[in-house]
Amino acid sequence: MNYKKITVALFLTLVCSSLLVAQEVSIGKGFVELYEGSGLRGFMNVGGWKNLVMIGIGFLLLYLGIEKEFEPLILVPMAFGAILSNIPFAGFMEAQGILRYIYDIGVKTGVFPLLIFMGIGAMTDFGPLIANPKTLLLGAAAQFGIFFALLGALLLPAIPAIGFNGFDLASAGSIGIIGGADGPTSIFVASRLKPDLLGPIAVAAYSYMALVPIIQPPIMRFFTSKEERMIKMETLRPVKKLEKVLFPLILLALCGLFLPSATPLIGMIAFGNLLKECGVVDRLSKAAQNELMNIVTIFLGLGVGSKLAAENFLNFNTIGILILGLLAFMVGTTAGILFGKIMCKLTGGKVNPLIGAAGVSAVPMAARVVNKVGQMENRSNFLLMHAMGPNVAGVIGSAVAAGVLLALIG
Amino acid sequence: MNYKKITVALFLTLVCSSLLVAQEVSIGKGFVELYEGSGLRGFMNVGGWKNLVMIGIGFLLLYLGIEKEFEPLILVPMAFGAILSNIPFAGFMEAQGILRYIYDIGVKTGVFPLLIFMGIGAMTDFGPLIANPKTLLLGAAAQFGIFFALLGALLLPAIPAIGFNGFDLASAGSIGIIGGADGPTSIFVASRLKPDLLGPIAVAAYSYMALVPIIQPPIMRFFTSKEERMIKMETLRPVKKLEKVLFPLILLALCGLFLPSATPLIGMIAFGNLLKECGVVDRLSKAAQNELMNIVTIFLGLGVGSKLAAENFLNFNTIGILILGLLAFMVGTTAGILFGKIMCKLTGGKVNPLIGAAGVSAVPMAARVVNKVGQMENRSNFLLMHAMGPNVAGVIGSAVAAGVLLALIG
Amino acid sequence: MNYKKITVALFLTLVCSSLLVAQEVSIGKGFVELYEGSGLRGFMNVGGWKNLVMIGIGFLLLYLGIEKEFEPLILVPMAFGAILSNIPFAGFMEAQGILRYIYDIGVKTGVFPLLIFMGIGAMTDFGPLIANPKTLLLGAAAQFGIFFALLGALLLPAIPAIGFNGFDLASAGSIGIIGGADGPTSIFVASRLKPDLLGPIAVAAYSYMALVPIIQPPIMRFFTSKEERMIKMETLRPVKKLEKVLFPLILLALCGLFLPSATPLIGMIAFGNLLKECGVVDRLSKAAQNELMNIVTIFLGLGVGSKLAAENFLNFNTIGILILGLLAFMVGTTAGILFGKIMCKLTGGKVNPLIGAAGVSAVPMAARVVNKVGQMENRSNFLLMHAMGPNVAGVIGSAVAAGVLLALIG
Amino acid sequence: MFVDGLNIMVLGMGIVFVFLIVIYLSMTLSSTLIQKFHLKYNPEPLHVIKVNTGEKDLVAVISAAVAYSKN
Amino acid sequence: MFVDGLNIMVLGMGIVFVFLIVIYLSMTLSSTLIQKFHLKYNPEPLHVIKVNTGEKDLVAVISAAVAYSKN
Amino acid sequence: MFVDGLNIMVLGMGIVFVFLIVIYLSMTLSSTLIQKFHLKYNPEPLHVIKVNTGEKDLVAVISAAVAYSKN
Ligand code: NA
Ligand code: NA
Ligand code: NA
């Protein structure tokens, strides 16, 4: 059909002629404009290489999150946030940028970590802790790492030659809390005490939580004997529903009375847990555990990732934070185990000291690690439920420690 | 293994020596600081006992919500919000407090009640009303309680001796709407007319809605004879899909034409209902009913609870509000029943006057109460579906009344 | 029972006497106030008829969305937003109006379209594109409609006599992007370049996307021969999981390097897609696809609808936009098909040119239309999967085009 | 102010009744029309080529794509 | 500042231990009381006329309404 | 302004094509490398002690805890 060909020809002519006309004018200028606004050019600007390095770190975190399954739920969004916010001229952190909105609305205000805490409350069964409340002490002992790292941060001398100014008290507190082995608590405290360090602190907190199966076992074996590791514990008593319902209320009441600065964290976990345990608001409990939890996790990850800006991350502070954070973890684990040994002695060998290591929190990974280390000595030794007690106690313990820090430093 | 013991010993020495050093310095000062910031101390400050009373009220509401299942979906979060916001120094209502954000973003703006209305629209089947539209009149009559309580509020004399200044028009309108027996409507109107009274009004509205099975039956029996209560009603005609789809559109059109001040409420319920009935956007309808509804319910409860501040609640206004609210409920129920009796007469006994009581709304409880009271006289009398008509009509009726109040007072 | 009758009588007397008293005073004034604030009156004010027309358009969009199933997920909320925001005195767009909040928070900022893009990423399988990456070129060619319409918009002369001032560059770019056949991209670009035109642009974009089954087939048949339409394509090779996981990362890296202004769109789609493909964060992927997607869709629709204000819609700009948008669609389709014919020639007849039409995006409708048109010639020809490649390539292509426009005009 | 309250009461109850009666009349009218003209709600895409556009379709296509590429 | 740190450490660990011991005591007390007085968690609506008010009920009524009107 | 438009058109279509061709080349390169070196996507936790850390695990532990304590 001829008229088709004519249409096609006409169309192509139009296109070509417009190309010819346009080529005479300032296409070059437009091209330069595009080039000037490209990431390629941005990376070559002063300091641009830093963004490139941060993007590299973002991809590394992605790799760890996806391929090695290090806390992927938070690491994948966080890594993506880091990558996006370090692309030059992409404007994610500028006035109208989406990551800026997310950070300002939910991270800077502390709202997202608190909603995560509500979700954790709605997901956590405090039964094992109620059945054996003595394990609360293990959750207390393991917080020693927090204060140890705080002290360590203060001891680091300023070395102006390499641009390191030492850490002030607010920074030291934010760093110490990494030893609490609880991501949202770390983010919450850092957002209140030292938002500039939020990026590296969150990275350290989640990284070490993911590394629990690597960091803890050697320490556990170093400080315990084979006999201690083989101790079998008595089956936990059954817990009544009423005890579970009252638990969050008791927690809240005591926190309000003695340490209000910890109530944002403790209050939200108690709220979530009450939604779960009271049994008459299942719709809300499920929303807190699922819909809201998932949405907030995406946004929290992106928002925290957006704080992995080159100027805040690529400096000697970060190295200090990573080292101190690791120390905090190790010392916390050690303190938990040593206290476990004391409890073992005092109870005449009824407590397996390994469960003290779960006191750092890092729920539920630390409890599982305890179980595995125990089973390496004795396949029939099931410590999981016994380790869940100190494990959830550790969450409470680090929230309390956070409250103390916020009250004394904040 | 000796080296282990040495490590342990060294570690313990470090801990102990640091304790000794530290004890020489100002630990006392830090302790005082913590004590000064504790809830214990806060309750002993001037006015601190009021916070304690409010927390007690919070726990009472929790008890009612959980143990007695009084509208637990809203009462549990509301009670928790009240407790949290009354803990001294916890800062939930201060500039960076999470409850402050929730209140400012969703309650003060009226956004949360409107989203709840959208969800209610997506959950409500207007079929029984469409099948028997005459029951709209019952939903109109039962709104008399609103205006009765409004008048009552204006009649209360100011008694400066006890610190009661009487109610102004805006307060009276906000109080009256409690008689609408519809929580979100009450919260919406109060947030526009008199935010200071929002706390007690919301508590009164949800409490009386929960108390419908206690408040209504005596009134129902007082104003009706056994014969009236035994009246069986004709089976409702089937309703066509098209009628259901058109209903929200008609509702919206009329509301826009005659009473725009009611369109925020009516418009959102119509929107939600259209999502449900049109059948082509099930994803959105389900999101409005579930995900969004649950999340907003949690936040609305917390946000409203945060208005249960001592200074706004512990005064004679609240007593007046609780009494007037109860009156509004009772008068509304009475008006509905009396109008039901008139309809019974006019139709030659085809209408059971009991269903008039469902006109206050309090969906679906009031309709169920009608059913039960009917069955107490005659086990085979199923009034549920017949009562659903006036029941949902009551929601529309109180939204219309709210529109009138907003237009004339707001 | 006598006492009952007395109560009833007393009650009725009270009501009637109050009516009498009240009638003496300014009920008339109140009635006038209500009338002055009614929609009826509003429509009679200067310019009020325009609101009425816009409401009519809203109902028309509802009809198209519901009865004709034109993209109902977005059209139903959008139509409702248009109706609500055009009701006089209802205040949906005023300082405390819910639609104003929704628009300001999510549409003006570009947050909602970006979240939709994340959801699309989490829902899209790029497998067919990875299996046959040459189809990317078809997705590029079909973007010609964007720039054609842009040029067309600039060519329209200003006709002051009818109040048409011609389009400036920002307007032309926003109009052109309609040819990208991608709703969120259009909304995002318009919100950045020309928010005033957002309403008609969104309406045009979604309308034409819905009209793909009407607009495209005649063009497809006009530019292709029966033999071409009957071409069967080779089965696509299987795609490895690793390729799918790497795809969003490659996309992001290239976009960051060469066209940062497109990263908000491309970055969010890559993020969503990575959540889906990496397989270790299913909770988040599902949240992005469902909960978050549905909630944001409701709000985006309402927010965009709120921009269908009479003053922005009822003018000659809108007519121009509708015509230019249609042209953009048609030219884009044509360009895709013509490029398909070129590829057909170059590959010795291995590519069915029809699949070029799917390059406009409008996922997945355009791909289905290709399949149907192909099957009309040969029932056993399944082009669906082959058309999905250019189809999703079209999404990327128009996001890239959007980036160019934002970089050069924005 | 008491008189204001009385006015609001009369006006309010009046408006509520009138408005709900108007709804009643409109519903009756609409139901009558629907019955009389045998109108039906029967959403059906008006397409030259019949292609479903609802979300089921989207899911179908995506599932197909997923099914295809899972190998 | 090091002294500040030491103070915070001592005070912090002290508070953490004391606080968790207080929780421990309170839990033990509450468990004892529950055991002793045979307290139970048994949420039951207190209604003159027994009408369930939970959400299941809402769903039931609405389903009933839906079931009814689907014809 | 018409010239501006032409420029944008040429530049725009040019960039779109170049960019999508670059994606095409990168994808081809990546697919080739994957094929050549038999790379696989096989996420597996690198742990001295093998402990799964995904969410299934979390759910499992919590369910276990729930199961245990429901008596
Ligand atoms: Na911890
Ligand atoms: Na009502
Ligand atoms: Na496109």
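Heavy-atom basis, side chains included; hydrogens, waters and symmetry copies ignored. Naming: A, B, ... by sequence-line order, numbering from 1 per chain. Keep in mind the model is a prediction, meaning the values are calculated, not measured.
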Please report the shortest heavy-atom distance between [X] and [Y], naming the atom on each side.
X	Y	answer
Pro264(A)	Ala90(B)	CG-O, 4.1 Å
Pro77(B)	Leu284(A)	CG-CD1, 3.8 Å
Leu84(B)	Gly267(A)	CD2-CA, 4.0 Å

Interface moiety of [X] toward chain A, non-hydrogen atoms closer than 4.5 Å:
X	value
Pro88(B)	backbone
Ile83(B)	side chain
Tyr35(B)	neither
Asn86(B)	neither

Original post:
Quick one: are Ile66(B) and Val281(A) in side-chain contact, heavy atoms under 4.5 Å?
Top reply: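 The answer is no; the side chains never approach within 4.5 Å.
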**OP:** For side-chain contact (heavy atoms from CB on, under 4.5 Å), just list the numbers for Leu275(A) and Phe80(B), CA-CA rounded to whole Å, side-chain angles, deciding distance to a tenth of an Å, and then say yes or no.
**Re:** CA-CA 10 Å; Leu275(A) 291 183; Phe80(B) 227 92; over 6 Å; no
Original post:
Given a strict heavy-atom distance threshold of 4.5 Å, which part of Leu274(A) is in contact with chain B: side chain, backbone, both, or neither?
Top reply: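 Contact with chain B: side chain only.
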Original post:
Does any heavy atom of chain B fall under 4.5 Å from the side chain of Ala270(A), the backbone, both, or neither of them?
Top reply: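 Both backbone and side chain.
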Subject >> Option that, when pairs with chain B are counted at under 4.5 Å, heavy atom only, ranks first among Leu406(A), Thr263(A), Leu257(A) >> reply: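 When all of Leu406(A), Thr263(A), Leu257(A) are compared, Leu257(A) has the most.
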Original post:
Checking side-chain contact (heavy atoms from CB on, under 4.5 Å) for the pair Leu252(A)/Ile87(B): CA distance, chi angles, key distance, verdict?
Top reply: CA-CA 10 Å; Leu252(A) 174 68; Ile87(B) 296 175; 4.2 Å; yes
**OP:** Report, by ascending residue number, the residues of residues 91-103 of chain B in heavy-atom contact with chain A at a distance under 4.5 Å; give 'none' if the set is empty.
**Re:**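 At a heavy-atom separation under 4.5 Å, chain A is reached by Phe92(B), Gln96(B), Ile98(B), Tyr101(B).
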Original post:
Which residues from residues 291-303 of chain B are near chain A, with near meaning under 4.5 Å between non-hydrogen atoms?
Top reply: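 Heavy-atom contacts from residues 291-303 of chain B to chain A are Glu291(B), Met293(B), Asn294(B), Ile295(B), Thr297(B), Ile298(B), Phe299(B), Leu302(B).
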